[in-house]
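Note sheet for the following structure.
Atom set for the values below is all heavy atoms of this structure, side chains included, hydrogens, waters and symmetry mates excluded.
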Amino acid sequence: QRGKAMKKIVLAAALVGAAAWYFHFGRAMTDASIRKFYGDQTVLMAELEGEPLCKLMADDYLLKDVAFSSSGTERSEKRRDEACADIKQALTLLNKLSNASGGILHPMFEQKIESIELSDGNKRATVKGVSTGTIGDMTLVRSRFTETLIRRNGKILSLGGESKTWLYGE
């Protein structure tokens, strides 16, 4: 009897410990986990597949952007579905260009993180940085962004944010 009771106590303590770990550490972010998020995102962009990038956006994602190009300035607000469709369309076009050129005109992407500000409890982060897309020596797009990240079910997701984007070579 005593052995069974002791096993139940140990099992209950282990479950409580695991639940506490999940609710604290499973939802907390670190500087390293955020940098890994952006590194993984950059790899996905280089693979020119939009759907995995869309999975990094929270359901309540919202991006406010000001885009500057030779045709003028355009302000936009995009929720998850519209932003996802735009990413897929752009990457499909870049993929066609890359394939048509035998990979010579394959785009490269780079993201530089300028600052990471973690909230109390490390469950929310505000990230400032610069994202650049190039083909060869030509810059196609550069964006300065402030993005909010959250952690849900152990996964880092973007809530969106604000950006200023410069489009070159249209």
Side-chain angles (χ1 to χ4, degrees), residues 29-119 122-170:
M29 290 182 276
T30 63
D31 188 271
S33 68
I34 291 167
R35 290 183 187 280
K36 183 182 180 323
F37 172 85
Y38 283 101
D40 293 347
Q41 187 181 60
T42 302
V43 168
L44 291 173
M45 288 189 296
E47 292 173 354
L48 304 177
E49 291 290 332
E51 190 58 38
L53 288 167
C54 295
K55 290 180 180 178
L56 300 177
M57 297 177 197
D59 290 340
D60 45 349
Y61 177 92
L62 174 64
L63 176 66
K64 296 179 181 182
D65 182 59
V66 180
F68 305 96
S69 69
S70 59
S71 58
T73 301
E74 181 182 330
R75 295 179 189 281
S76 65
E77 282 191 15
K78 295 180 182 174
R79 300 223 170 264
R80 184 185 190 279
D81 290 343
E82 188 179 2
C84 183
D86 286 354
I87 287 170
K88 287 179 179 180
Q89 180 182 16
L91 293 179
T92 297
L93 290 172
L94 289 171
N95 196 18
K96 287 179 182 178
L97 179 64
S98 178
N99 289 338
S101 68
I104 294 171
L105 298 177
H106 191 84
M108 298 296 293
F109 299 94
E110 180 182 19
Q111 297 195 86
K112 291 184 181 176
I113 305 304
E114 295 176 341
S115 70
I116 298 172
E117 188 178 312
L118 288 162
S119 69
N122 296 347
K123 292 180 175 69
R124 180 183 287 266
T126 301
V127 181
K128 292 184 180 185
V130 177
S131 180
T132 306
T134 60
I135 290 183
D137 292 336
M138 186 174 92
T139 300
L140 297 176
V141 61
R142 178 168 286 127
S143 183
R144 297 190 72 73
F145 63 86
T146 301
E147 184 170 25
T148 301
L149 302 179
I150 56 168
R151 190 154 192 155
R152 286 190 183 147
N153 299 322
K155 185 176 177 183
I156 296 176
L157 298 171
S158 173
L159 286 176
E162 296 183 358
S163 61
K164 289 186 179 178
T165 304
W166 289 265
L167 303 167
Y168 306 101
E170 288 184 276

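Note: E162 CD to T148 OG1 = 9.0 Å, rounded to the nearest 0.5 Å. The CD atom of Q111 lies 4.0 Å from the OG atom of S131; values are rounded to the nearest 0.5 Å. Between atom CG of residue L118 and atom OG of residue S33 there is a gap of 7.5 Å, rounded to the nearest 0.5 Å. Note that the CG atom of L56 and the OG atom of S158 stand 8.5 Å from one another [nearest 0.5 Å]. Rounded to the nearest 0.5 Å, atoms CD1 (I34) and CD (E117) are 10.5 Å apart. In this structure, CZ in R144 is found 4.5 Å from CD in E114, a value given to the nearest 0.5 Å.
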Please report the C-alpha distance between R35 and I113 in whole Å, then the side-chain angles of each, then the deciding distance to 0.1 Å, and finally whether the side chain to side chain contact (heavy atoms under 4.5 Å, CB included) criterion is met. CA-CA 8 Å; R35 290 183 187 280; I113 305 304; 3.5 Å; yes
Please assess V127 against Y38 for the test side chain to side chain contact (heavy atoms under 4.5 Å, CB included), listing each intermediate value before the final yes or no. CA-CA 10 Å; V127 181; Y38 283 101; 3.6 Å; yes
Intermediate values then yes/no, side chain to side chain contact (heavy atoms under 4.5 Å, CB included), D60 and L159: CA-CA 6 Å; D60 45 349; L159 286 176; 3.3 Å; yes
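In this structure a side-chain-to-backbone donor-acceptor pair under 3.5 Å is missing from R80 to G160. Under a 3.5 Å cut-off, the side chain of K88 and the backbone N or O of C54 do not form any donor-acceptor pair. Between the side chain of S69 and the main chain of L167, no donor-acceptor pair closer than 3.5 Å is present.
Here the side chains of Y168 and R142 are in contact, with some heavy-atom distance below 4.5 Å. The closest side-chain heavy-atom distance from M57 to I87 is below 4.5 Å. A heavy-atom distance below 4.5 Å is found between the side chains of L94 and F109. Looking at E110 and T42, their side chains never come closer than 4.5 Å, going by heavy atoms from C-beta outward. Looking only at side-chain heavy atoms (C-beta outward), N122 and T30 stay at 4.5 Å or farther from each other.
Remark: Y61 pairs with no residue by the side-chain hydrogen bond (donor to acceptor under 3.5 Å, both in side chains) rule, at least two apart or across chains. Contacts of E49 classified as side chain to side chain contact (heavy atoms under 4.5 Å, CB included), with partners at least two apart in sequence or in another chain: P52.
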Quick one: side chains of residues 99-106, donor-acceptor pairs under 3.5 Å with protein atoms, not counting sequence neighbours, listed by atom name and distance.
unit_1	atom_1	unit_2	atom_2	d
N99	ND2	N95	O	3.4
S101	OG	L97	O	3.1
S101	OG	S98	O	3.1
S101	OG	I104	N	3.4
S101	OG	L105	N	2.9
H106	ND1	S98	OG	2.9
H106	NE2	A46	O	2.9

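No option in M29, R124, K123 other than M29 meets the side-chain contact (heavy atoms from CB on, under 4.5 Å) test with R151.
With a 6.0 Å radius and a threshold of 12 heavy atoms from other residues, nucleotides or ligands, M108 has its CE atom at or below the threshold.
Residue L157 comes nearest to R152 through the heavy atom pair CD1-CB, 4.2 Å, listed as atom of the first residue, atom of the second, then distance.
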